[in-house]
Amino acid sequence: MLCKKRIGKCFLFAVVCMITLIPNGCGNRSSKNSDSGSAQADDEAVSFDEKESVDAQTIAEILSDIYAGAASENTWGSLDTKRRMIARIGEQGLCAVDMENQIDMTNPEQALAFCRAVEQKESAQITVFVFDRMGFHKYDLQTWDGHINVDRQYNQCDENGQLQKKNEGSYPADFWQYTEEGYLFFGGSYFSDENYVLTLSDASEYTALRILPLSETCRELNRKYILPVGYKRNNMFLTNWSEEDFGRLDFYDIFDRFYPILHGQSHPYTANGEAETASVYEIPEVVFENVVTAHFKIDRETLREKTAYLSENAAYEYRPRGFCDSEYPDIPYPEVVDYTENEDGTITLTVNAVYPKESTSKSFAHKTVIRPLGEGGFQYVSNEIISPKEDYDIWWHTDRLMEEEDSALWMIPQAEHCLLTEKEKEELKEAALKAAKQAEAVYQDIELTGNPAFGSGIKEFTEKQRREVVSFLGNAGYVSVTDDANMENYEKVEDFYTAYSENCDAMVTLYYVERDGLIGAITFLYRDGKVQTYFVGIGWQKGGIPEITYTSVSNIAEMRLTEKGYFIYAHEDEMPHSSLRQYWRVKPLSHKCRELTRKYIHGLSYVNYNILVTNWGSGNVEDILMPCMFEDIYRIDTGENLKPQNGRIPAETYERIMTTYFPVSVEQLREKCGYDEKSDSYVYDMIFSRQYPPFGEVVDYKENDDGTLTLTVDAVWADYNSDIAFTNRIVVQSFADGTFRYLSNSIEQKEMEIPKIEVP
C-alpha cells in the first residue's frame, strides 16, 4: 500500500475552510478578521514561495540558548524543551512540530494551504521542521502540477549543543495523503551516499505529521492514562471488557506492563538468565495482586479465576513471553481525540489508533473509561472497540501462549542422519551469512533489548525493513520471502522441483525473513532418492553483524509443487501441534485478491456450516440457515467474539446482523434458527474447532454491472495436499456503511470431495 502513488483529497477543501478556527502561533501574522482566514493562508503560501528555504544552521542559532540550557540541565528530549523549540520556530513564521505528534504544529495554515495546492495542481513550497529527542528533520516540500518533491535533511546536536548534519536526501513523494483526522502522510526513496556505498540502492522513508491542533487536555489525558500502556504486548485496549465482565483481558500482560510503572524497574520474572532453564515462576500473591489492583477494581476471587493461582503456595503461576508469543515491532500508537466527564466522576476517553506503518490516523478506535482517585491515583473501568465494524486484523498482536504451546511450536524434528557432508553444511552456513550481509545495512542501526532466550532481541523491526531485506536478497539472486510479500526469484524453486521430478539431485535455499528480523535459510536437498531440509537461523548483533543462532536437519516424507504455485511438503516426523503439511505460496497473488479475501472470505468455515459448501441464492437461502453460523458472522460484523447471555442471543442483535449479511427475512430466521418468543432471543450454538480445516482465497473477481462482485475462491486444503480442493463463486453486495451482503454461492468439486454438513 505504501508504494502506490496516491494523492489523497481527504476533506482538504472542508479543512481549509476551517483555517480561521486554528490558533495562529505567529505573533506577527495574526489575523484581524476571522473571515479572512482562507485568504490569509493563500497570501502566506504566496509570500513563502518568494522566500528561500531557511538554513538549518540559522535555526540552530535561533535555538542556541535552548540548546545550551538543555545541555547544562540534561533535559534533552523532554516535552518542555521540544515545546519551547517549536514555539520559537513558530515565532519566526515557520511550520514546526514534534516527531511524536505530542505538540501542536505552529502555523498549520501554511501546511494546509500547501496540501490544497497539491490538490489543485498549483505550484507552492513550504519548509517544515520536525523535532525529535536530539535534533530536527528539515523538510523542504515543493509541488507543481500535482507532483511533490521532498528535500530532507536531518540535523542532530551533540552534548555541547553543537549542530551536526547527519544525513540528507531528495526524492519525489510517491505517497501523499491528508486524512480526515488532520494527519499528513508522505514518503518515498532518496539517494544517500552512505546507504549507496553499503547497499547500491536508495534509502526510503515515510513520515506522519499531525497538522490540525489537538486539545492539550486530550494530550495530557493520553500521556497519563493511555500512552504508558499502549498497544504493545497487551490487549487492554484491543478487546471489550468492563468491571462487570473482564472478558479476554490478559492480567499477566497487565502485570508485565504495570510492574515497571509502579516500581520504576522491570520485574525479575523474565525469559533471560535463569529463566532459560526455569521458564515458569511462582509470583507471591501479594506482589501480583498489588500490581493488578493498583489500577483495576477487581476482587481476588475473580483475578484468581482469570489466572493460574496456586492456593497451596499462595502464588500465581507465571510464564514470561517467549519467541512464539512475541509480538511484531511495528504497532499503532494511541491518541485521545475527545473526552467526557461523567456524572459518576469517571472520564470516558475516545481514542484513535494512529498507524504510521499503514498510513492511517484511525486504524481502529476505542472508548476507555477512567476513574480518577485521590492523590493522583486512578482505575481503568472499561474499554470498548467502537470502530471499525468489520473485522480489524490486529496482525501485530499475539496473545500470550500457555507453556505447553510455547514449548511445542517451532520444534523442528531432527533427522538421525544428514545427507550433507560436514563440509557442505559449513558451506551452507557460510553462504547463509554471506546472503545475510547483503541486507546488513537494514540492521546497522537496530536497537537490541538484551540477550533474549527467544526471538531476535531487536527492539523494533518494521514491515518496511522486512521487505527491504527481501528486496536486497532478491536483487542478489537469492530466493527470499516474508509475510505479505511475493517470493523473489521463485523460479529457482520451480527449477528445483523439476529436477526432483526427473529424479536428478538438486538443492535450493529459501530465505524467510521473520517478523522480528530473524532470517531462516531453509535448504531443500534431494539426493539419493531422499529429501531433507537443512535449516540455518540467522540472528543479529549490534551494528548489523549477522550470526548463526542454530541449525537443524529434517527428513521430508513428500513434497509437491502445484500448478497454481503452492509448494507443499510434509516432515517425516510430524511436529507436535503443527499442521500435517507445511506450505509456501511460490507464485504471486495480486494485492487486490488478498484484500478481497480479508474482507469477504476470512473467517468463514468450510466444515462447521454449509454457507460455502452448498449451492444457494435468494430462492433457497433457508438451506444454509444454521444456528452455529451466527458466531462467525457476528465476528465478521463486530470484530469481536460472541458473548451469549445465558446461552441465548438477543433477537435484535441476531436479526440485525443476519438480515444485513444474507438475503433473509426475520420470519425465515425465526423459523430456522432457534427463536424463542418468550425470551425474544435465539439459541446459541457453539462452534467447536476442527483440526486441519481448509481456507479460502480469492483468485479472481468480476465487477458486475449491477454493482455486485463475483468472487472466484479456491479452497486451499494444504494439510491434504491440495490448493484447489474445490472452487466457489460467491456474489457479494457492498453497502456505503462498510457492511456487505452475501447474495449467492456456487461450488464446484475439484481435487477433493465437498464436505457434507447436516442441517438440523
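No hydrogens, no waters, no symmetry mates; every other heavy atom, side chains included, goes into these values.
Two rings, from W540 and Y443, have their centers less than 6.0 Å apart. Taking the six-membered ring for Trp, F237 and F364 have ring centres at least 6.0 Å apart.
Looking at R210 and E100, no side-chain N of the basic residue comes within less than 4.0 Å of a carboxylate O on the acidic one, giving no salt bridge. Using a 4.0 Å cut-off between charged side-chain N and carboxylate O, K702 and D700 make no salt bridge. Looking at K542 and E447, no side-chain N of the basic residue comes within less than 4.0 Å of a carboxylate O on the acidic one, giving no salt bridge. Ion pair E595/K599 not flagged as a salt bridge, since none of the NZ, NE, NH1 or NH2 atoms sits closer than 4.0 Å to an Asp/Glu carboxylate oxygen. Look at R219 and D104 and you find a salt bridge, because one of the NZ, NE, NH1 or NH2 atoms lies within 4.0 Å of a carboxylate O, short of that distance. For R223 and E216, the salt-bridge test passes: some basic side-chain N is under 4.0 Å from an acidic carboxylate O.
Looking only at atom types and distance, the side chain of Q153 has a donor-acceptor partner in the side chain of N155 under 3.5 Å away. Looking at E335 and Y183, their side chains do bring a donor and an acceptor atom within 3.5 Å of each other.
Summarising the geometry, atom CD belonging to Q125 is positioned 8.0 Å from atom CG belonging to D140; distances are rounded to the nearest 0.5 Å. With values rounded to the nearest 0.5 angstrom, M105 atom CE is found 9.5 Å from D98 atom CG. For the atom pair CZ of R635 and CG of L604, the computed distance is 10.5 Å after rounding to the nearest 0.5 Å.
For Y333, there are no ring pair (Phe, Tyr, Trp, His ring centres under 6.0 Å) partners two or more places apart in sequence or in a different chain. Partners of Y490 according to the ring pair (Phe, Tyr, Trp, His ring centres under 6.0 Å) rule, which considers only residues two or more places apart in sequence or in another chain, do not exist here.
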Verdict with supporting geometry, N222 and Q102, side-chain contact (heavy atoms from CB on, under 4.5 Å): CA-CA 10 Å; N222 194 29; Q102 290 296 302; 4.3 Å; yes
E514 vs R466, salt bridge (Lys or Arg N to Asp or Glu O under 4.0 Å): CA-CA, chis, key distance, verdict: CA-CA 8 Å; E514 302 280 1; R466 287 192 288 114; over 6 Å; no
Stepwise side-chain hydrogen bond (donor to acceptor under 3.5 Å, both in side chains) check, D151 with Y171: CA-CA 7 Å; D151 288 321; Y171 60 86; over 6 Å; no
Residues Y511, Q438; criterion side-chain hydrogen bond (donor to acceptor under 3.5 Å, both in side chains); working and verdict: CA-CA 12 Å; Y511 291 87; Q438 300 293 322; over 6 Å; no
Candidate pair T207 and Y139, rule side-chain hydrogen bond (donor to acceptor under 3.5 Å, both in side chains), full reasoning: CA-CA 10 Å; T207 303; Y139 292 98; 3.2 Å; yes
Evaluation steps, side-chain hydrogen bond (donor to acceptor under 3.5 Å, both in side chains), between D399 and H397: CA-CA 7 Å; D399 289 333; H397 173 72; 2.9 Å; yes
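With contacts defined as side-chain heavy-atom distances shorter than 4.5 Å, the pair N383/L238 does not qualify. Inter-residue side-chain proximity for Q92 and I62 is flagged as met; some heavy-atom pair is nearer than 4.5 Å. Between Y600 and S734, the closest side-chain pair of non-hydrogen atoms falls below 4.5 Å. The side-chain heavy atoms of L112 and I211, taken from C-beta on, include a pair separated by under 4.5 Å. Residues F472 and V442 have side chains in contact (heavy-atom distance under 4.5 Å, counting atoms from C-beta outward). Here the side chains of T712 and Y701 are not in contact, with every heavy-atom distance at 4.5 Å or above. By the 4.5 Å heavy-atom criterion applied to side chains, F185 and F175 are counted as neighbours. By the 4.5 Å heavy-atom criterion applied to side chains, P108 and L212 are not counted as neighbours.
Remark: the backbone N or O of L473 is not paired with any side-chain donor or acceptor of N475 at under 3.5 angstrom. A donor-acceptor contact shorter than 3.5 Å is absent between the side chain of N704 and the backbone of G707. No donor-acceptor distance shorter than 3.5 angstrom exists from the side chain of D145 to the backbone of K121, with no hydrogens or angles considered. The backbone N or O of I148 lies less than 3.5 Å from no partner atom in the side chain of T143, so there is not a single donor-acceptor pair. Listed for the N107 side chain is no donor-acceptor partner under 3.5 Å among the backbone atoms of Q110. Not a single donor-acceptor pair under 3.5 Å links the side chain of T482 to the backbone N or O of A485. A donor-acceptor pair is defined here as one N or O able to donate and one able to accept, closer than 3.5 Å; no such pair exists between the side chain of S363 and the backbone of Y355. For the pair N149 (side chain) and Q142 (backbone), a donor-acceptor distance under 3.5 Å is absent. R467 contributes no side-chain N or O that, together with a main-chain N or O of V469, makes up a donor-acceptor pair within less than 3.5 Å. Between the side chain of Y512 and the backbone N or O of L518, no donor-acceptor pair lies under 3.5 Å.
When all heavy atoms of N486 and L589 are compared, the closest pair comes out as OD1-N, 3.5 Å. Among all heavy-atom pairs drawn from E440 and G544, the shortest one is CB-O, 3.4 Å.
By the 30° and 60° cut-offs, the orientation of the rings of Y583 relative to Y566 is tilted. F131 and F136 have tilted rings, their planes meeting at an angle from 30° to 60° on a 0 to 90° scale.
If you run side chain to side chain contact (heavy atoms under 4.5 Å, CB included) between N352 and each of T360, D338, V337, only V337 comes through. None of V351, I385, T350 except one satisfies the side chain to side chain contact (heavy atoms under 4.5 Å, CB included) rule with K367; the exception is T350.
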